[in-house]
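When a ligand or atom number is given, it counts from 1 through the structure's own listing order.
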Amino acid sequence: MAKAVVIAVDGPGGAGKGELTRRLAERFNFALLDSGAIYRVLAYAARKAGLALFDEESLVQEAQVLNLSFKPESDGVHVMLGTEDVSRAIRTEEAGANASKVAALPAVRQALLQRQRDFRREPGLVADGRDMGTVVFPDAQVKIFLDASCEVRAHRRQLQMQSQGKEADYERILQEIKERDDRDRNRAAAPLKPAPDALILDSTELSIAEVEAQALAFIEQKLGKLN
Ligand code: C5P
């Protein structure tokens with residue numbers, strides 16, 4: 001039996017994957033996997049348990065019992081750790097940096113692999129991450145690698161933080177983005193890189209509507225008209 005369709009969208013933070021994958025999942029009525037949230041919640045739970053973010057063995061144990069769930073609400077999908085709503089707590093810059101530290105550990109990635117694969121279901125799945133098309137779903141029918149310059153990603157992040165009334169220093173954000181990119185691209189386990197059969201989409205000078213249009217054209221080319 002043919003496996004359920006997976007649209008894998010990989011790329012660095014701030015390239016617009018979150019918005020693109022939300023739109024695609026909604027359009028096709030597919031499930032959505034925000035794999036970054038899993039690493040973020042693991043890092044959050046580990047900090048709460050007083051674990052060091054390099055203690056691979058303890059982190060694997062934590063990953064195996066991680067009581068993580070995604071709860072759809074009227075204002076979007078909330079991320080739950082047990083009964084605690086961690087949606088906001090996991091979105092800080094620090095939480096992102098912590099996630100990228102635990103995500104660099106091979107045994108931690110292995111421990112979270114099946115949990116991610118379990119999101120695959122009919123009629124299909126849109127998967128957002130760094131290694132969706134290379135490691136988690138190497139047989140994904142559609143692979144997109146969404147990139148953008150560091151400067152544009154830092155600028156978008158700055159605007160987003162300002163719109164939330166948060167203080168946002170451009171130079172500091174840019175520095176953090178570069179550090180996280182560096183860790184994600186240069187790690188030994190599942191480094192951030194496009195799958196050979198991925199469409200590489202550079203969103204530096206594109207609006208989200210233009211990114212979506214190019215993604216839709218590619219999806220249609222791969223899968224035919226879905227609706
Ligand atoms: O996408 P997001 O910014 O939420 O991801 C947080 C961190 O989790 C990334 O910087 C990356 O280190 C890690 N990650 C990963 N593999 C994924 C998704 C996220 O290593 N599939």
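- No option in Arg157, His155, Gln175 other than His155 meets the side-chain contact (heavy atoms from CB on, under 4.5 Å) test with Tyr170.
- Proximity of Pro12 to Asp147: side-chain heavy atoms (C-beta onward) are separated by under 4.5 Å at one or more points.
- Think of Leu159 as one node in a network of Ile, Leu, Val, Met, Phe, Trp and Tyr side chains linked at under 4.5 Å; it has no links at all.
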Check: every ligand 1 N/O to protein N/O pair under 3.5 Å:
unit_1   : atom_1 : unit_2 : atom_2 : d
ligand 1 : 1 (O)  : Arg130 : NH1    : 2.9
ligand 1 : 1 (O)  : Arg130 : NH2    : 3.4
ligand 1 : 3 (O)  : Arg40  : NH2    : 2.9
ligand 1 : 3 (O)  : Arg130 : NH2    : 3.3
ligand 1 : 3 (O)  : Arg180 : NH1    : 3.1
ligand 1 : 4 (O)  : Arg40  : NE     : 2.6
ligand 1 : 4 (O)  : Arg40  : NH2    : 3.4
ligand 1 : 10 (O) : Arg130 : NH2    : 3.4
ligand 1 : 10 (O) : Arg180 : NH1    : 2.7
ligand 1 : 10 (O) : Asp184 : OD2    : 2.8
ligand 1 : 12 (O) : Asp184 : OD1    : 2.6
ligand 1 : 12 (O) : Asp184 : OD2    : 3.3
ligand 1 : 16 (N) : Arg109 : NH2    : 3.0
ligand 1 : 20 (O) : Arg109 : NH1    : 2.7
ligand 1 : 20 (O) : Arg109 : NH2    : 3.3
ligand 1 : 20 (O) : Arg187 : NH1    : 2.9
ligand 1 : 20 (O) : Arg187 : NH2    : 2.9
ligand 1 : 21 (N) : Ser35  : OG     : 3.0
ligand 1 : 21 (N) : Arg130 : N      : 3.1
ligand 1 : 21 (N) : Asp131 : OD1    : 2.9

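- Contacts of Phe30 classified as ring-ring contact (aromatic ring centres under 6.0 Å, His included), with partners at least two apart in sequence or in another chain: Phe28.
- Cluster partners of Ile200 are Phe145, Leu192, counting Ile, Leu, Val, Met, Phe, Trp and Tyr whose side-chain heavy atoms approach within less than 4.5 Å, directly or via other members.
- Using a 4.5 Å heavy-atom threshold, the side chains of Leu113 and Val135 count as touching.
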